[in-house]
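Notes follow once the structure below has been shown.
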Amino acid sequence: IDAWNLPSLRYSALNLDQLSSQKCYESSVAEWAYATDINDENEKTKLSLSLDIAKLSKEIWQNVTTTFPLWREFKDPDLVRKFKTITILGSAALPDDQYKKYAQLETDMTKHYSTTKVCSFKYKETCNLSLEPDLIKIMRESRDEEELRHVWTEWHDKSGGPTKQTYKQFVEISNQAAKLNNFKDTGALWLDGYESETFKDDVEELWQTLKPFYQQMHAYVRAKLRNVYGDQFSDDGLIPAHLLGNMWAQAWDNVFPLMTPYPTKASIDVTEQMIQQGYTPLKMFQVSDEFFTSLGLIPMPEEFWKESLIEKPDDREVVCHASAWDFCNKKDFRIKQCTRVTTTDLITVHHEMGHIQYDLLYKDQPYFYRQGANPGFHEAVGDTLALSVITPKHLKEIGLLDKSIPIDDYETSINFLFSMALDKIAFLPFGYLTDKYRWDIYDGTVDESQYNTHWWKLRKEYQGIKPPSERSEANFDAGAKFHVPANVEYLRYFVSTIIQFQFHRSLCIEAGQYDPLDSNKPLHNCDIYRSKAAGSKLAAGLSMGSSKPWPEVMKVITGQEKMDASAIREYFSPLEKWLTAANEKMGEIPGWK
Ligand SMILES: C=C(C[SeH])C(=O)N1CCC[C@H]1C(=O)O
Ligand SMILES: [Zn+2]
């Protein structure tokens, strides 16, 4: 039977789509107004609209499940899939007063994170520094160990610590919601989005496969940082977290200049060239849009250019953390990003534009299928294209690398691969542990008396790093990372880091840019720019949204169903060999106590 059209259902399929899309639009408008102008008035409106949409999804859920109690037994798998998407409500399953409390706690934590200010190291009386752009810039550029330690400690003390009790309350309500959705806890609810009983094991296996490579890179970076900050290192093999160029030590590309494998050869840090050429945030978005359309993908609609917020305003508080927004009306799509003219932000621009491209490609799917095939797919779209954009070959193509600079030699490729590994390989343990940490909290393994101890236990075990200053349970250092107070699942970025190389390899073959049997066409040199064949292959998979289980979408894009590490290992294999030899030569033993 096609249950959507039975008269007994208060909503027909069309009406259900329209109703949900309309409510989603209204709630998105209110959410956007708040995120781009944090004040009490906008907060009230946002919370009220978010309660409305929670009520609607609860009402649909109750109506549908009482009308069709046996929906799980339906013959049509697509119908069962649609019902399943309606019956998993997340926090909306909470009774209204509990939902209000949940939404208020989440809002309070995100507001605190987004408006925290710290004092400068050099100018003690200046205490209005924001994470973006001020602290990010210091962590990227400063080589003054004391300044780095001050900024790291100030941020972690002031952004994380004060939200610890709020987070504890949030965890309890979040688990209540998970149980109302028939999950044992929120961690299980998050993992359900990957539709695989073995997903946790699959992720652990991917990590074990790539851990030796990570440890080789960790050893090399440790040796080079010891040359610069000698006295900060001891014999425990750990790297102090504040010396890696990033507030969370999740990407290390900013310390590349301290350890360039071949200093006389080209590097892909084109920040200087971008500034010299007068790049603006708008130009960065236009360059990205042109890359997408060169593949035959969809150009950003008019509303996007009119309504997006791509620079931090100076007259109000905003949530600076970059995000892409689908307003559920098939017309309105926006990015909010406090963009700076740097190479890192050029990559982030492509990352966010990838979200919008995915939204555009599946906008004609039924409402409940307008999602990524799994959360990692949504994070992988922009990054996949950025793997082409960031190649020396492409940077020359768009005039950010001088045409006269040689880029086809072995040493330049090692410089390039090392810079890419400082971003992608360094990220893997962080991408994994940030949810492993929260799974352990949600399933009760860890209670609030151990929140900070457990964070640093995992940070040491997986990343081989340690805090630069004394930490205690008065701190809540996980709360200093946006996704924890903002309650955004994080395993999606680990999954994205793996599958984006599978997507890249497949699209590179499609574009004739890579041939496993031709050593003159290594995977890391591939640039799919202007390949309509690659674009249509990617679009074929992404247009499916979440209408089919993600292995089917993976097969459409890559020809295989599995998520596996073969592509990322193939991409980096020249570097893994080089690092192993370099560490042996230095007598640097990978690993830590
Ligand atoms: C850019 C975004 C918004 Se979806 C982001 O949160 N990312 C992208 C890289 C990993 C993660 C982070 O910043 O921690
Ligand atoms: Zn993203």
Side-chain angles (χ1 to χ4, degrees), residues 31-32 35 110 113-114 131-133 135-136 139-140 155 159-160 190 193 241 244-254 281 284-285 288 308-310 312 318-326 333-340 342-360 371-387 390 420 422-438 455 459 463 477-501 503 542:
E31 185 77 38
W32 175 270
T110 305
Y113 180 94
S114 300
L131 174 69
E132 295 189 44
L135 308 188
I136 297 296
M139 294 305 289
R140 175 175 68 239
W155 173 255
S159 67
W190 282 353
L244 287 158
N246 175 280
M247 184 62 85
W248 308 279
Q250 71 182 71
W252 304 350
D253 40 304
N254 290 324
M284 292 160 75
F285 280 86
S288 179
S308 290
L309 180 88
I310 61 172
K312 180 175 187 176
V318 299
V319 176
C320 256
H321 193 83
S323 54
W325 297 57
D326 176 346
F333 303 86
R334 304 177 196 175
I335 286 172
K336 174 185 58 58
Q337 183 175 337
C338 299
T339 316
R340 308 296 290 176
T342 65
T343 309
T344 304
D345 275 21
L346 182 62
I347 300 300
T348 303
V349 164
H350 284 79
H351 176 96
E352 297 308 327
M353 293 283 268
H355 284 301
I356 303 292
Q357 188 60 223
Y358 206 170
D359 297 341
L360 289 167
Q371 304 290 332
N374 75 37
F377 275 61
H378 232 298
E379 300 306 332
V381 179
D383 282 14
T384 300
L385 273 62
L387 289 174
I390 200 63
M420 292 303 288
L422 288 175
D423 180 5
K424 302 294 183 183
I425 303 300
F427 180 77
L428 287 169
F430 184 77
Y432 186 15
L433 75 85
T434 302
D435 271 4
K436 204 166 172 56
Y437 171 75
R438 291 189 285 181
W455 176 248
R459 293 269 266 173
Q463 287 187 274
D477 293 329
K481 175 65 195 170
F482 175 79
H483 299 68
V484 173
N487 186 41
V488 178
E489 182 258 7
Y490 207 80
L491 193 68
R492 62 185 64 181
Y493 302 107
F494 178 93
V495 171
S496 161
T497 305
I498 301 294
I499 65 176
Q500 65 188 248
F501 286 91
F503 293 176
L542 300 185

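Atoms within a ligand are numbered from 1 in the order they appear, just like the ligands themselves. All values derive from a computational prediction rather than experimental measurement.
- Note: W155 and Y113 have perpendicular aromatic rings, judged against thresholds of 30 and 60 degrees for the angle between ring planes.
- A donor-acceptor distance shorter than 3.5 angstrom exists from the side chain of Q463 to the backbone of A249, with no hydrogens or angles considered.
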What are the distances between nitrogen or oxygen atoms of ligand 1 and protein nitrogen or oxygen atoms, counting only those under 3.5 Å?
unit_1, atom_1, unit_2, atom_2, d
ligand 1, 6 (O), H321, NE2, 2.7
ligand 1, 6 (O), H483, NE2, 2.8
ligand 1, 6 (O), Y493, OH, 3.3
ligand 1, 14 (O), Q250, NE2, 3.0
ligand 1, 14 (O), K481, NZ, 2.7
ligand 1, 14 (O), Y490, OH, 2.6

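- Ring planes of Y358 and H378: tilted class, angle from 30 to 60°.
- The Zn ion (ligand 2) has H351 NE2, H355 NE2, E379 OE1 as protein N, O or S atoms under 2.8 Å away.
- Here the side chain of S288 pairs no donor or acceptor atom with the backbone of M284 at under 3.5 angstrom.
- Looking at N374, its side chain never comes within 3.5 Å of a backbone N or O of G193 through a donor-acceptor pair.
- The pair K424-D383 meets the salt-bridge criterion, since a charged nitrogen lies less than 4.0 angstrom from a carboxylate oxygen.
- For the pair W252/D423, no side-chain contact is recorded, criterion being any heavy-atom separation below 4.5 Å from C-beta on.
- Listed here is the closest heavy atom pair of R459 and L433: CA-CD2, 4.0 Å.
- Ring geometry, F494 versus Y432: the interplanar angle falls from 30° to 60°, so the pair is classed tilted.
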